[in-house]
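To start, the structure under review is shown below, and the notes come after it.
For the numbers below, each heavy atom of this structure counts, side chains included, while hydrogens, waters and symmetry mates do not.
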Amino acid sequence: QLILTLDRTQWKSHNIFVIAVIYKKRALPIYWQVLEKKGATNFLEQKALIKPVLRLLKKYQLVIIGDREFHGVQLSHWLKTRAKTQKINFIFRQKQDTNYRKPGRKYQPLSNLPVAPGTKIFLSNINLTNKKGFGRFNLVAYWKRKYRKKMEKEPWYLLTNLESLDEVLKIYRSRMGIEAMFKDCKTGGYNLEGSQANTERLTNLVLLIAIAYTCSCYRGKNIKKTGYQDYICPLQEADRKERRHSNFWVGMYGELWVIAWDYLVDIVQAIMNFNPQKKPNYQRGLRAMSNLRII
């Protein structure tokens, strides 16, 4: 099963639509297009952009997720028709003024649902929007509880065809991987924000970044497996329970660590001559360096 996330980002004057695969709390970009317009995409544009990816991944079971910008009801209905030939699930966040109706009841806005911080609601087989012809869907309403004096401003309203509330929340939380990817590409690694490229050059630049980003993520994963990440960054901090640095960060700075050694080898060896008691640690570092070169 592959989780695909849809999103759109603004890089200076360029409006870019991106589809990415969620992997290890990050998103690996697999398809993108520079839009010849500003602002959000419409339903027809979204269909045209998604179709090539569905053809590319037709042998996989897919879960497609998106935020409130996307036309969740229309897009979900279209994906349901595609699901006759391919296993496709979806989760789309809805705006709180979207109307819903339980069987035998009247339409009312999602904001009327009795959801409070720390609560979850699962509604199955309901109608969304007053428009006819879209069929029925499942709906998850969830409001994250207050944590460390911080609380979300409003709940999530998630339209889906999945049957498990916990599975829906787990998958949709992973959508933040694409936000992390955008940060890595803009200011956390590749500084795409600073580019002055035109549309054609920007498209080529994004392709290059997508390849480099994916390679760094896999390299970081392999470095963590070997245990050599301690040479690149602290594995844990005293007040943290999880690793601070992502596979991408470890992979990219692992490469820089190896490159830096080529420039500093004479200086480091001179320092070791003044600190012979540190030579066992130095030898372990050299072994780690040798192994990182071939990862």
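What you find for Arg287 and Arg284 is that their closest heavy atoms are NH2-CG, 3.0 Å. The two residues Trp156 and Arg173 make their nearest non-hydrogen contact at CH2-CG, 3.8 Å. Scanning all heavy atoms of the two residues, the minimum distance from Gly39 to Asn15 falls at O-ND2, 2.8 Å. Across every non-hydrogen atom of Gln269 and Tyr282, the tightest pair is CG-OH, 3.1 Å. The shortest heavy-atom contact between Ser111 and Tyr157 is CA-OH, 3.7 Å. Scanning all heavy atoms of the two residues, the minimum distance from Asn247 to Cys217 falls at CB-O, 3.3 Å.
The CZ atom of Arg26 lies 10.0 Å from the CE atom of Met181; values are rounded to the nearest 0.5 Å. Going from atom OG of Ser216 over to atom NZ of Lys221 covers 14.5 Å, rounded to the nearest 0.5 Å. The line from CD1 of Ile91 to CD of Glu167 is 7.5 Å long, rounded to the nearest 0.5 Å. In this structure, CD on Gln108 lies 7.0 Å from CG on Leu113, to the nearest 0.5 angstrom. Distance check: Thr203 OG1 to Leu207 CG gives 9.0 Å after rounding to the nearest 0.5 Å. Atom CD of Gln94 is separated from atom CG of Asn99 by 11.5 Å, given to the nearest 0.5 angstrom.
Here salt bridge (charged side-chain N to carboxylate O under 4.0 Å, His left out) pairs that include residues 268-282, with residues two or more places apart or in two chains, number zero.
Looking at heavy atoms from C-beta onward, Ile178 lies out of side-chain contact with Thr9 at the 4.5 angstrom threshold. At a threshold of 4.5 Å between non-hydrogen side-chain atoms, the residues Ile209 and Val206 do not count as touching. Between Val73 and His77 there is no side-chain heavy-atom pair separated by less than 4.5 Å. No side-chain heavy atom of Tyr172 sits less than 4.5 Å from a side-chain heavy atom of Val140. Contact of the Leu62 side chain with the Leu54 side chain is registered, since non-hydrogen atoms from C-beta on lie closer than 4.5 Å. Side-chain atoms of Lys224 and Val250, non-hydrogen and from C-beta on, do get closer than 4.5 Å to each other. Side-chain contact between Ile22 and Ile171: absent, with no pair of heavy atoms (C-beta onward) separated by less than 4.5 Å. Proximity of Glu179 to Lys183: side-chain heavy atoms (C-beta onward) are nowhere separated by under 4.5 Å.
A distance-only check finds a donor-acceptor pair linking the side chain of Gln86 to the backbone of Leu57 [under 3.5 Å]. In terms of modelled atom types and a separation under 3.5 Å, the side chain of Ser290 and the main chain of Leu286 share no donor-acceptor contact. Side-chain N or O atoms of Thr160 include one that pairs as donor or acceptor with a backbone N or O of Phe90 at under 3.5 Å. Judged by distance alone, with hydrogens and angles left aside, the side-chain atoms of Asn138 form a donor-acceptor pair with the main-chain N or O of Leu162 at under 3.5 Å. A donor-acceptor distance shorter than 3.5 angstrom exists from the side chain of Thr98 to the backbone of Lys95, with no hydrogens or angles considered. Judged purely by atom type and a 3.5 angstrom limit, Glu45 uses its side chain to pair as donor or acceptor with the backbone of Asn42. Within the 3.5 Å criterion, the main-chain N or O of Thr41 finds a donor-acceptor partner in the side chain of Gln46. Remark: the backbone N or O of Ile88 is paired with a side-chain donor or acceptor of Asn161 at under 3.5 angstrom. In this structure, Gln33 contributes its side chain and Tyr31 its backbone to no donor-acceptor pair below 3.5 Å. Checked by atom type and distance alone, the side chain of Lys80 pairs as donor or acceptor with a backbone atom of Arg136 at under 3.5 Å.
Linking Ile, Leu, Val, Met, Phe, Trp and Tyr residues whenever their side-chain heavy atoms come within less than 4.5 Å places Tyr213 and Ile223 in a single cluster. Under the 4.5 Å side-chain contact rule for hydrophobic residues, Leu208 and Trp32 do not share a cluster. Hydrophobic clustering (side-chain heavy atoms under 4.5 Å, transitive across Ile, Leu, Val, Met, Phe, Trp, Tyr) groups Phe182 together with Phe248. Using a 4.5 Å cut-off between side-chain heavy atoms of Ile, Leu, Val, Met, Phe, Trp and Tyr, with links allowed through other members, Met176 and Trp249 fall into different hydrophobic clusters. Leu75 and Ile64 fall within the same hydrophobic cluster, defined by Ile, Leu, Val, Met, Phe, Trp and Tyr side-chain heavy atoms under 4.5 Å apart, directly or through other members.
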**OP:** Output, in order, the C-alpha distance, side-chain angles, deciding distance and verdict of side chain to side chain contact (heavy atoms under 4.5 Å, CB included) for Asn127 and Tyr107.
**Re:** CA-CA 9 Å; Asn127 294 107; Tyr107 279 102; 3.6 Å; yes
Original post:
Stepwise, does the side chain to side chain contact (heavy atoms under 4.5 Å, CB included) test hold for Leu49 with Leu35?
Top reply: CA-CA 10 Å; Leu49 292 165; Leu35 303 173; 4.2 Å; yes
**OP:** Take Leu44 and Lys47, measure what side chain to side chain contact (heavy atoms under 4.5 Å, CB included) needs, and give me the verdict at the end.
**Re:** CA-CA 5 Å; Leu44 294 179; Lys47 278 205 313 181; 4.2 Å; yes
Subject >> Verdict with supporting geometry, Asn89 and Gln61, side chain to side chain contact (heavy atoms under 4.5 Å, CB included) >> reply: CA-CA 8 Å; Asn89 293 315; Gln61 178 180 340; 3.8 Å; yes
Using atom types as modelled, flag every donor-acceptor pair under 3.5 Å from a side chain in residues 116-125 to any protein atom, sequence neighbours excluded.
| unit_1 | atom_1 | unit_2 | atom_2 | d |
| --- | --- | --- | --- | --- |
| Thr119 | OG1 | Ala116 | N | 2.8 |
| Thr119 | OG1 | Ala116 | O | 2.5 |

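Shown here is Lys144, whose NZ atom has no more than 12 heavy atoms of other residues, nucleotides or ligands within 6.0 Å. More than 12 heavy atoms of other shown residues, nucleotides or ligands fall within 6.0 angstrom of atom CD in Gln277. Enclosure of atom CZ in Arg201 is not indicated, since only 12 or fewer non-hydrogen atoms of other residues, nucleotides or ligands lie within 6.0 angstrom. Shown here is Lys37, whose NZ atom has more than 12 heavy atoms of other residues, nucleotides or ligands within 6.0 Å.
Two rings, from Tyr100 and Phe137, have their centers 6.0 Å or more apart.
Residues Arg175 and Glu69 are not paired through a salt bridge, judged by the lack of any N-O separation under 4.0 Å between the basic side chain and the carboxylate.
Using the six-membered ring where Trp is involved, Phe92 and Phe70 have ring planes that are tilted, between 30° and 60° apart.
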